[in-house]
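Structure first, commentary second.
In the text below, chain A, chain B and the rest are named by the order of the sequence lines, each starting its count at 1. All figures in this text were calculated on a predicted structure; none of them were measured in a lab.
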Protein chains: 2
Amino acid sequence: MIAVPTISVENYLKAIFSLQKDGEERVKTKAIAESLDVSLPSVSGMIKSLADDGMVEYEPYRGVRLTKKGKKTALRVIRNHRLIEVFLVQTLGYSWDEVHNEAERLEHAVSDTLVARIEAFLGFPRFDPHGDPIPTADGELHRREMMTLGDASSGMHLKVERVLDQTPEVLQYLDRVGLRPGASCRVVEVLAFDGQMFLDIDGQQLPISATLAAKLLVTELDDDSERDTGRDDVQAVDRS
Amino acid sequence: MIAVPTISVENYLKAIFSLQKDGEERVKTKAIAESLDVSLPSVSGMIKSLADDGMVEYEPYRGVRLTKKGKKTALRVIRNHRLIEVFLVQTLGYSWDEVHNEAERLEHAVSDTLVARIEAFLGFPRFDPHGDPIPTADGELHRREMMTLGDASSGMHLKVERVLDQTPEVLQYLDRVGLRPGASCRVVEVLAFDGQMFLDIDGQQLPISATLAAKLLVTELDDDSERDTGRDDVQAVDRS
DNA sequence: GCCTTTTATTAGTCTTGCCTAAATTTCTGA
DNA sequence: TCAGAAATTTAGGCAAGACTAATAAAAGGC
Ligand SMILES: [Mn+2]
Ligand SMILES: [Mn+2]
Ligand SMILES: [Mn+2]
Ligand SMILES: [Mn+2]
């Protein structure tokens with residue numbers, strides 16, 4: 001009897017995975033509780049059960065770290081989530097601010113073979129609509145170090161790679177001003193005292209708060225490369 | 001706080017719905033237990049909770065009947081299930097023997113808006129790949145009285161409308177011999193002592209047991225109408 | 001109409017996953 | 001260093017949904 005992870009277990013593993021940014025640091029109980037909106041004792045209880053199942057290493061009061069097995073399970077769920085997001089956008093015309101909640105439930109209900117078919121149907125996309133990388137079927141996840149827009153300085157020419165916020169309001173706003181993965185922009189000015197930025201995107205002047213800038217991951221662009229061009233490694237998001 | 005039905009509750013309601021063929025007869029505890037492969041006390045317990053929620057009328061030892069509310073919920077889940085089946089066949093190239101198990105889980109995870117989009121994307125199909133009718137968003141289900149193939153007699157010219165069995169083996173066999181919804185055939189002979197039938201389909205002679213014949217719903221065809229033609233009211237199932 | 005078989009319910013238990021309140025450990029800052 | 005604050009675990013409960021064993025009702029056979 002192989003014990004299939006419950007929806008709750010899958011959500012905990014996913015949360016732990018994304019909270020332990022690199023693979024080293026231990027994730028605190030409080031962080032998990034906030035991420036999943038459950039009480040601290042609920043997390044303590046689940047942690048013990050995950051440790052019993054060999055999903056996490058656990059040292060009381062010190063936090064948890066995913067084991068190989070836990071990481072594999074988390075990556076499977078994340079893979080499901082991101083492929084479902086791409087599929088909903090590409091096939092059913094969903095916009096990128098609508099897919100997250102839908103995928104949050106479907107990720108637990110799809111079979112491995114359904115996800116594999118979706119992946120093939122989509123032509124093996126490498127990123128989801130928010131620029132998040134898609135793990136392969138055997139649990140490989142290509143992760144790149146990137147700076148946030150907030151870390152950029154005046155004059156830099158940037159390409160938007162990824163959005164770290166899933167709230168519909170933020171995504172709708174970013175879409176409206178053109179800050180989608182693949183878009184490029186130039187930093188015109190950064191106010192030293194509050195981090196307020198002014199971007200040039202498509203010839204338009206665009207003010208961006210430090211708060212919002214922290215949620216965008218970007219890469220620096222050579223100054224001689226073309227501007228405002230989609231990436232070939234990201235699914236184009238057509239939402240005219 | 002509106003209490004969203006759990007997966008378990010949805011499965012019970014769906015089972016009760018399909019066991020109460022017309023809307024009148026009361027469904028027995030034993031039938032539900034067998035249909036869902038759970039123990040009799042589990043069913044007794046769930047029935048009481050469904051009755052408390054106003055999903056069923058319940059008279060101890062006499063069985064249950066869905067209320068309006070229970071029927072509505074059941075039909076929503078059945079609608080989800082059948083539209084998902086069509087979608088998997090049409091969009092991802094699933095065959096009709098693969099879709100049932102996948103849909104059995106997805107039916108509980110899709111939102112009403114996702115299902116509505118799927119329905120529109122597919123062009124508002126009226127039947128699923130097995131010929132089962134698809135309830136509308138407001139809970140209408142067009143049900144027709146039909147005879148089974150087993151009820152047919154020698155010489156009758158028939159159209160296959162619906163398959164009542166979801167097991168992959170049966171569906172694969174039916175597909176192989178061409179007995180899909182939309183196909184037509186003629187009854188050549190019926191053996192009186194065991195109900196064994198011999199059909200003419202596409203000029204081929206085909207023996208069908210009484211057991212299998214009981215699982216096919218058919219309608220009688222005028223003798224002057226064309227033979228072996230797809231129905232326009234059923235999604236074509238292309239599985240060459 | 002009784003007696004046996006079948007069906008159904010009740011009683012009691014278990015697991016999962018959540019909660020609040022209380023106790024405990026760790027962290028932090030004066 | 002050490003007291004108060006913050007984080008964590010323990011204790012104890014609850015609800016859903018499954019189970020087995022025991023009891024009760026309904027149905028069938030003669
Ligand atoms: Mn989820
Ligand atoms: Mn995403
Ligand atoms: Mn189901
Ligand atoms: Mn079907």
Side-chain angles (χ1 to χ4, degrees), chain A residues 1-16 19-20 25-66 69-70 73-74 77 104-105 107-109, chain B residues 1-16 19-20 25-66 69-70 73-74 77 104-105 107-109:
Chain A
M1 274 300 109
I2 45 132
V4 153
T6 64
I7 292 175
S8 204
V9 165
E10 290 188 343
N11 283 331
Y12 273 89
L13 292 174
K14 203 163 60 117
I16 295 167
L19 287 169
Q20 86 186 16
E25 65 209 282
R26 276 185 287 212
V27 177
K28 301 308 199 58
T29 304
K30 184 108 185 292
I32 302 170
E34 277 166 0
S35 163
L36 294 174
D37 196 29
V38 294
S39 70
L40 283 164
S42 296
V43 176
S44 272
M46 178 59 88
I47 279 174
K48 243 171 299 180
S49 133
L50 291 176
D52 290 348
D53 289 356
M55 293 291 199
V56 298
E57 292 168 35
Y58 170 48
E59 197 173 341
Y61 294 101
R62 289 284 128 88
V64 290
R65 189 166 18 204
L66 291 178
K69 182 181 172 192
T73 306
V77 183
E104 199 57 55
R105 281 168 294 110
E107 64 187 1
H108 313 289
Chain B
M1 274 299 112
I2 45 131
V4 153
T6 64
I7 292 174
S8 203
V9 164
E10 289 188 343
N11 283 331
Y12 272 90
L13 292 174
K14 203 164 61 117
I16 294 167
L19 288 169
Q20 88 185 14
E25 64 209 282
R26 275 184 289 213
V27 177
K28 300 307 197 59
T29 304
K30 183 103 184 298
I32 301 170
E34 277 168 358
S35 164
L36 294 174
D37 196 29
V38 295
S39 70
L40 283 165
S42 296
V43 177
S44 272
M46 178 59 88
I47 279 174
K48 243 171 298 179
S49 133
L50 291 176
D52 289 348
D53 288 357
M55 294 292 198
V56 298
E57 292 168 36
Y58 170 48
E59 196 172 342
Y61 295 101
R62 288 285 129 90
V64 291
R65 190 167 17 203
L66 291 178
K69 183 182 172 192
T73 307
V77 182
E104 200 56 55
R105 291 185 321 274
E107 63 188 1
H108 313 289

Expressed as a whole number of angstroms, how long is the span from [X]:[atom1] to [N]:[atom2]?
X     : N      : atom1 : atom2 : value
A:R26 : C:dC27 : CZ    : C1'   : 15 Å
A:I32 : D:dT8  : CD1   : P     : 9 Å
B:R62 : C:dA8  : CZ    : P     : 11 Å
A:L36 : C:dC18 : CG    : C1'   : 12 Å
B:Y58 : C:dT10 : OH    : C1'   : 10 Å
B:K30 : C:dT5  : NZ    : C1'   : 12 Å
A:I47 : D:dA7  : CD1   : P     : 15 Å
A:L50 : C:dT16 : CG    : P     : 12 Å

Identify the heavy atoms of [X] and [Y] that sit nearest to each other, and give their distance.
X      : Y     : value
B:E107 : B:E10 : O-OE1, 4.4 Å
B:Q20  : B:L66 : OE1-N, 3.3 Å
B:S8   : B:M46 : OG-CE, 3.8 Å

Between A:K14 and A:E104, is there a side-chain N and carboxylate O pair less than 4.0 Å apart? yes
Between protein and nucleotides 17-21 of chain D, what N or O pairs are separated by less than 3.5 Å?
unit_1, atom_1, unit_2, atom_2, d
D:dG17, OP1, B:T6, OG1, 2.3
D:dA18, OP1, B:S8, OG, 3.1
D:dA18, OP2, B:S8, OG, 3.2
D:dA18, OP2, B:Y12, OH, 3.3
D:dC19, OP2, B:S39, N, 2.9
D:dC19, OP2, B:S39, OG, 2.8
D:dC19, OP2, B:S42, OG, 2.4

Using a heavy-atom cut-off of under 4.0 Å over every strand shown, decide if A:S44 touches base, sugar-phosphate, or nothing. base
Sub-3.5 Å donor-acceptor pair from the side chain of B:T73 to the main-chain atoms of B:K69, do we have one? yes
Please check if the side chain of A:R65 supplies one atom and the backbone of A:E57 the other of a donor-acceptor pair under 3.5 Å. no
Proximity to the side chain of A:P60 - top-ranked nucleotide from C:dT9, C:dC27, D:dT9: D:dT9
First locate atom NZ of B:K48, then atom CG of B:D53, and finally report the distance between them rounded to the nearest 0.5 Å. 14.0 Å
Are B:K28 and D:dA26 close enough that a side-chain N or O sits under 4.0 Å from OP1 or OP2? no
